[in-house]
Protein chains: 2
Amino acid sequence: MEQRRIYELIDKYIELTHEVWKNSENLIREEISEDLTNDQHYILRYIYKNGKATTTGLAEAFSVQKSAITAIVNRLVDKNLIMRTYDEADRRYIFLTLTEEGKKQFEKTEKKIFNLVKSFIIKFDREEIENFIKTYEKLASIIREIR
Amino acid sequence: MEQRRIYELIDKYIELTHEVWKNSENLIREEISEDLTNDQHYILRYIYKNGKATTTGLAEAFSVQKSAITAIVNRLVDKNLIMRTYDEADRRYIFLTLTEEGKKQFEKTEKKIFNLVKSFIIKFDREEIENFIKTYEKLASIIREIR
DNA sequence: TTTATTAGTTCAACAGTTGAACTATATATC
DNA sequence: GATATATAGTTCAACTGTTGAACTAATAAA
């Protein structure tokens, strides 16, 4: 590929990712902010999908320090959406699980986000969106390798 | 498209965008954090590309309140990367421009980000990345319409 | 001239983040 | 078994970014 075109593509990529991410996050926030912040929802999402989680596991998954997770989890525990339970086999571990209220809250919030994403995903024809997701997956794994 | 497949695609989209964005931002932060935060760089980027900016313009472009822009701009002014100048034609307006140091800093930082993005963009063949960007642009304009 | 609007800042309050210091538990080494 | 090391998690101070309300200053409209 010619240098010039590569340059243009990179430039567009940088601008597009920033714009799309920012706007999406704002749309999501408008939908859910009365109940949760976006980051709080992503934490609930991780625990919901995995059944349980640890501080260290979340810190790795979200690429942040453990203290950042502690802070968010504290807020979710205060809201009675998450529970902490010691692992009796190794008491250094604390398992984070969703309370019943946490599950309900997640499902409610996720549905709103889901419908939002759906509203723009359905504007593409099937082939285009399939290819887009396929490339996105490749991109994710390339970035995973770099880290 | 069948409901089930749509569901899967939306689910993947939500997970992929979050993972890719988070990881990319972290990679960028590792590259530039000694000089600038990521958001500070994006503000410099906007002014650099447009020559000048106003608080209101930046607030709209970044979809945040004006006070958020004031805070970031203050830090950049403190670092002597941005200048404020009153518009003599309408003294309500304050134009934000880059100082010489600001331009240099931006170019230096942008180059690092550029090379980072390049390192994963070049792993795709031309057609794939062209299609990806094309769909991304469509996505951006759909989201722009929704807002 | 009075009232509206517009551009921008200030401020308090909050979420999220890092990084260092800390506690508590478990594992390795002598 | 005692000491040293490693691991999981929290606490804390400091910082960035954010909202939203109250404010100042300048311009436009009535």
Side-chain angles (χ1 to χ4, degrees), chain A residues 18 21-23 25-30 32-44 46-47 52-79 81-97, chain B residues 18 21-23 25-30 32-44 46-47 52-79 81-97:
Chain A
H18 187 242
W21 175 256
K22 265 279 190 176
N23 284 334
E25 284 295 282
N26 273 317
L27 288 168
I28 291 173
R29 217 188 61 239
E30 281 164 23
I32 74 172
S33 67
E34 53 194 317
D35 294 315
L36 295 170
T37 66
N38 293 10
D39 286 322
Q40 286 168 3
H41 176 76
Y42 295 135
I43 297 286
L44 292 189
Y46 183 94
I47 302 175
K52 63 184 178 184
T54 61
T55 304
T56 304
L58 281 166
E60 274 162 20
F62 288 75
S63 307
V64 294
Q65 297 292 324
K66 290 184 290 179
S67 50
I69 300 297
T70 298
I72 299 177
V73 166
N74 281 342
R75 289 180 199 111
L76 290 168
V77 169
D78 290 346
K79 288 183 178 185
L81 302 177
I82 278 187
M83 269 174 57
R84 284 185 168 102
T85 352
Y86 278 100
D87 177 7
E88 286 306 323
D90 185 339
R91 288 182 55 79
R92 285 174 302 182
Y93 289 85
I94 293 177
F95 290 131
L96 305 168
T97 52
Chain B
H18 186 243
W21 176 255
K22 265 279 188 174
N23 284 335
E25 283 294 283
N26 274 318
L27 288 168
I28 291 174
R29 215 189 61 237
E30 279 164 23
I32 73 172
S33 66
E34 55 195 317
D35 294 316
L36 295 171
T37 65
N38 293 9
D39 285 323
Q40 285 167 5
H41 174 78
Y42 296 136
I43 296 287
L44 292 188
Y46 183 95
I47 302 175
K52 64 183 177 184
T54 60
T55 303
T56 304
L58 282 165
E60 275 163 17
F62 287 76
S63 307
V64 294
Q65 296 291 324
K66 290 184 290 178
S67 52
I69 300 297
T70 299
I72 299 177
V73 166
N74 281 341
R75 291 183 196 110
L76 290 167
V77 169
D78 289 348
K79 290 183 178 184
L81 302 177
I82 278 187
M83 270 174 55
R84 284 186 168 102
T85 350
Y86 278 98
D87 177 8
E88 287 306 324
D90 183 340
R91 289 182 53 79
R92 285 174 303 182
Y93 288 85
I94 293 178
F95 289 131
L96 304 168
T97 52

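We name chains A, B, ... by the order of the sequence lines, and we start the count at 1 in each one. Note that these values count all heavy atoms, side chains included, but never hydrogens, waters or copies made by symmetry.
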- Which whole-number value in Å describes the distance from B:Asn74 CG to C:dT10 P? 6 Å

- To the nearest angstrom, the CD-C1' distance between A:Glu88 and D:dA8 comes to 15 Å

- Task: Would you mind telling me which of C:dG8, D:dT27, C:dA26 lies closest to the side-chain atoms of A:Arg91?
- Result: C:dA26

- Message: Can you tell me how far apart CZ (A:Arg84) and OG1 (A:Thr70) are? Round to the nearest 0.5 Å.
- Response: 6.5 Å

- So, is A:Thr56 near the phosphate of D:dT7, with a side-chain N or O under 4.0 Å from OP1 or OP2? no

- Ignoring backbone atoms, test whether A:Thr70 places a side-chain nitrogen or oxygen under 4.0 Å from the OP1 or OP2 oxygen of D:dT11. no

- Task: Classify every nucleotide of nucleotides 14-24 of chain D by which part a protein heavy atom approaches to under 4.0 Å, writing B for the base, S for the sugar-phosphate alone and - for neither, in 5'-to-3' order.
- Result: --SBBBB----

- Item | Gap between atoms CZ and P, on A:Arg84 and D:dA8 respectively (whole Å) | 16 Å

- Task: Calculate the interatomic distance between A:Glu25 atom CD and C:dA15 atom P; express it in whole Å.
- Result: 17 Å

- Query: For the residue pair B:His18 and A:Phe62, does the interplanar ring angle fall in the parallel (under 30°), tilted (30 to 60°) or perpendicular (over 60°) class?
  - Reply: perpendicular

- Find the distance A:Tyr93:OH to D:dA8:P and express it as a whole number of Å. 4 Å

- Note on the structure: Taken to the nearest whole Å, CD1/A:Ile94 to C1'/C:dT23 is 11 Å

- Item | Partner residues of A:Arg29 under the salt bridge (charged side-chain N to carboxylate O under 4.0 Å, His left out) criterion, sequence neighbours left out | none

- Task: Please give the nucleotide sitting opposite C:dA21 as a Watson-Crick or G-U wobble pair, both distances under 3.5 Å, or none.
- Result: D:dT10

- Message: Quick check for you: among C:dT10, D:dT10, D:dT27, whose closest atom lies nearest to any side-chain atom of B:Asp90?
- Response: D:dT27

- For A:Leu76 and D:dT10, what is the distance between atoms CG and P respectively, to the nearest whole Å? 13 Å

- Message: Treating A:Asp39 as the side-chain partner and A:Ile72 as the backbone partner, does any N or O pair qualify as donor plus acceptor under 3.5 Å?
- Response: no

- Query: Where does D:dA26 fall, syn or anti, if syn means a chi angle no more than 90° from 0?
  - Reply: anti

- Message: So which atom in B:Thr97 and which in B:Ile47 form the shortest heavy-atom distance, rounded to 0.1 Å?
- Response: CA-CG2, 4.0 Å

- Note on the structure: Rounded to whole Å, CG of A:Leu36 lies from C1' of C:dC14 at a distance of 15 Å

- Query: Rounded to the nearest 0.5 Å, how far does CG of B:Leu96 lie from OG1 of B:Thr54?
  - Reply: 7.0 Å

- Item | Over all atoms of both residues, closest heavy-atom pair of A:Gly57 and A:Tyr46 | O-OH, 4.3 Å

